[in-house]
Amino acid sequence: MQAVFETLFDLVYLITVITLGICMIRGNRGRRQYLLYGVMAVTLGCGDAFHLVPRAVALCTTGLADYTAALVGHLAQHSVCHPRCADCRAVLPQGKGG
């Protein structure tokens, strides 16, 4: 039940924010503040999509636990759980990660 409602809410939210932002950009009529708010709304919507879309996919398939790397990020996940992980040491600058 959570998967259905949360995914539906996320979808409506993303579509609304991005659509309103685009409408504000297109209809600014030379008002810089209106243009700025439109750009901010589109940026917010696109930024939120980076974590809401993977979360919606995880909720509608096998669950959040199977998508930890996509939701948190490989480096963040392993740097906390496995400070001596070889994959993380290859990405981190010298002197960090074990």
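If you're wondering where the values come from, they're calculated on a predicted model, not measured in any experiment. We number each residue from 1, following the sequence as shown. Scope of the values below: all heavy atoms of this structure, side chains included, with no hydrogens, waters or symmetry mates.
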query: Does any pair with a residue in residues 22-33 pass side-chain hydrogen bond (donor to acceptor under 3.5 Å, both in side chains), and if so which ones, sequence neighbours excluded?
result: Gln33-Tyr37

- prompt: Which heavy atom of Ala49 sits nearest a heavy atom of Pro54, and at what distance?
  reply: O-CD, 3.7 Å

task: Quick one: list whatever passes side chain to side chain donor-acceptor pair (under 3.5 Å) with Asp48, sequence neighbours left out.
output: Tyr13

message: Testing the basics here: between Val57 and Thr61, what is the closest heavy-atom pair and its distance to 0.1 Å?
response: O-OG1, 2.7 Å

field: Transitive ILVMFWY side-chain link Leu44 to Val53, under 4.5 Å
entry: yes

message: Connecting only ILVMFWY residues whose side-chain heavy atoms lie within less than 4.5 Å of each other, what is the rest of Ile18's hydrophobic cluster?
response: Ile22, Ile25, Leu35, Val39, Val42

Shared hydrophobic cluster for Leu36 and Met24 (ILVMFWY, side-chain gaps under 4.5 Å): yes

query: What distance separates Leu14 CG from Phe9 CZ, expressed to the nearest 0.5 Å?
result: 9.5 Å

field: Heavy-atom closest contact (Cys60 atom, Thr7 atom, distance)
entry: SG-OG1, 3.4 Å

